[in-house]
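The structure under discussion appears below in the form of structure tokens.
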Amino acid sequence: MGSTRARIAIDAMGGDHAPTEIVAGAIMAQEKWDVEVFLVGDPDQIESALKHHSSNLPLPQIIPAEGTIEMHEEPLGALKRKPKASINVAMNLVKQKKADAVVSAGHSGAAMASALLRLGRLPGIDRPAIGAVLPTMKLDSPVLVLDVGANVDCRPKFLEQFAVMGTIYSRYVLGTSQPQVGLLNIGEEACKGNDLAIRTYQLLENHPEIAFGGNAEGRDVLSGKFDVIVCDGFVGNVLLKFAEGVGEAVLQMLKEELTSGLQAKLGTSLLKPSLMRFKQRVDHVEHGGALLLGVAGVCIISHGSSKGPTIANAVRLAKDAIDNQVLERIQSQYHHHLQPDEKAVSS
């Protein structure tokens, strides 16, 4: 499996439309992003899906696996009962350095648990965080929100680490020279919020490695005022789902209003290029998924409803993280904080 290109292991059996749409996205990704893709799952089902595609490039390699983790299953128990499940096999490829990243649209809890069990945490990181990139009112200035689901309960120390990891990702992958970090809260004042928010504010305010811009209220999330926003996974997941719902609602309302009546239909044809650009900015499909930051491997968690284009964009996210050495930069940031024995393990 040697290659100089980014090698991406895709859980072909994860998601509502697996393996058909996952396979379609994998082929699309190979053609668009110049990556090497491994499709992990049931060989018969994957081969059947591959028959519907043709490509100028060699078709993705199939890595056999047995079963998948269903959405109703408790992650840890299911992972232990099914050691050869597709997500486990995909993670093992990264652990064995046969792949550089994993992409999965399956059970997000299982993906995170499998990453922790097989890849482990980066030295110096107490809890991994799921980071989601959202559009803002400033063109080409997205905001990274983390955590959006990995940790429903957090300590101030965890949010501090999220802020550092988010700063590194924003700077080197999203291209923000000096990322402004905000703490999601119910008011701008430092004294506002619950105990977690107040104590975290003090840590972020005094941290030398981040540019802390203060508290971020709900209306600030998509304003472009901040480049990174940190919160616990409970609040972050609610925020993410709400933002996705708002995007879908706005797109639907625009479609209904602009296609009612003959004059509107004529106007829609003129506005089509602008509408397509608008869709690209607000549609979560365009963003591919969320990066699990803090584990010792690149892992992208995609929407369960992901189709081909979403999977292709998830592969792009993985490739960006690999090319910009996100893991190495996070590890380097925390290396000088480790004890001597921890440094020996991370070396």
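The hydrophobic clustering, which links ILVMFWY residues whose side-chain heavy atoms are closer than 4.5 Å, places L204 and L196 together. I46 is not connected to M28 by any chain of hydrophobic side-chain contacts under 4.5 Å among Ile, Leu, Val, Met, Phe, Trp and Tyr, and they are in different clusters. Note on I229: it does not cluster hydrophobically with I198, by side-chain heavy-atom contacts below 4.5 Å among ILVMFWY residues. One hydrophobic cluster, built from ILVMFWY side chains closer than 4.5 Å, cannot hold both V164 and L203; they sit in different ones. In the hydrophobic clustering of this structure, V235 groups with V148; members are Ile, Leu, Val, Met, Phe, Trp, Tyr whose side-chain heavy atoms approach within less than 4.5 Å, directly or through other members.
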Side chain to side chain contact (heavy atoms under 4.5 Å, CB included) assessment of N313 paired with W33: CA-CA 9 Å; N313 282 323; W33 313 121; 4.0 Å; yes
Decide yes or no on side chain to side chain contact (heavy atoms under 4.5 Å, CB included) for L39 and L50, but give the supporting numbers first. CA-CA 10 Å; L39 289 167; L50 283 171; 4.2 Å; yes
Does the side chain to side chain contact (heavy atoms under 4.5 Å, CB included) test come out yes or no for L116 and V295, once each step is laid out? CA-CA 7 Å; L116 283 169; V295 295; 4.0 Å; yes
Carefully, step by step, assess V315 and I10 under the rule side chain to side chain contact (heavy atoms under 4.5 Å, CB included). CA-CA 9 Å; V315 171; I10 301 180; 3.8 Å; yes
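Summarising the geometry, atom CG belonging to L222 is positioned 13.0 Å from atom NZ belonging to K138; distances are rounded to the nearest 0.5 Å. Note that CG of L327 and CD1 of I168 are 10.5 Å apart. Values are rounded to the nearest 0.5 Å.
Within a 6.0 Å radius of NZ in K82, other residues, nucleotides and ligands contribute more than 12 heavy atoms. Heavy-atom contacts from other residues, nucleotides or ligands closer than 6.0 Å to CZ of R171 number more than 12. Heavy atoms from other residues, nucleotides or ligands lying under 6.0 Å from CG of N206 number more than 12.
Shortest non-hydrogen contact noted between A150 and M112 is CB-SD, 3.2 Å. Scanning all heavy atoms of the two residues, the minimum distance from V181 to T167 falls at CG2-OG1, 3.4 Å. The heavy-atom pair separating K225 from E188 by the smallest distance is NZ-OE2, 4.2 Å. The two atoms that bring A132 and L240 nearest to each other are CB-CD1, 3.9 Å, heavy atoms only. When all heavy atoms are compared, the tightest approach of A216 to F226 is CB-CE1, 3.5 Å. Closest non-hydrogen pair, N185 versus G193, comes out as OD1-CA, 3.2 Å.
You'll find the side chain of C154 stays beyond 4.5 Å of the side chain of R127, heavy atoms only. No side-chain heavy atom of I311 sits under 4.5 Å from any side-chain heavy atom of V23. Put simply, the side chain of P60 reaches to within 4.5 Å of the side chain of I27, judged on heavy atoms. Side-chain contact between N215 and D220 is absent, with no heavy atoms from C-beta onward closer than 4.5 Å. Side-chain atoms of L144 and Y169, non-hydrogen and from C-beta on, do get closer than 4.5 Å to each other. Between V326 and L293, some side-chain heavy-atom pair lies under the 4.5 Å cut-off. Inter-residue side-chain proximity for L174 and D227 is flagged as unmet; no heavy-atom pair is nearer than 4.5 Å. A heavy-atom distance below 4.5 Å is found between the side chains of L184 and V221.
Side-chain contact, D16 with S305: no donor N or O sits under 3.5 Å from an acceptor N or O. Donor-acceptor pairing under 3.5 Å is recorded for the side chains of K241 and N237. Side-chain contact of T136 with S141: a donor-acceptor pair under 3.5 Å is absent, judged by distance alone.
E74 places a side-chain N or O within 3.5 Å of a backbone atom of G77 that can act as its donor or acceptor partner. With hydrogens and angles ignored, the 3.5 Å screen pairs no side-chain donor or acceptor of E36 with any backbone N or O of A99. Judged by distance alone, with hydrogens and angles left aside, the side-chain atoms of N151 form a donor-acceptor pair with the main-chain N or O of P128 at under 3.5 Å. In this structure, E21 contributes its side chain and G308 its backbone to a donor-acceptor pair below 3.5 Å. In this structure, H207 contributes its side chain and E160 its backbone to no donor-acceptor pair below 3.5 Å. The backbone N or O of H303 lies less than 3.5 Å from a partner atom in the side chain of S306, making a donor-acceptor pair.
Using a 4.5 Å cut-off between side-chain heavy atoms of Ile, Leu, Val, Met, Phe, Trp and Tyr, V94 falls into a hydrophobic cluster with I69, L76, L79, I87, M91, V102, L117, L119.
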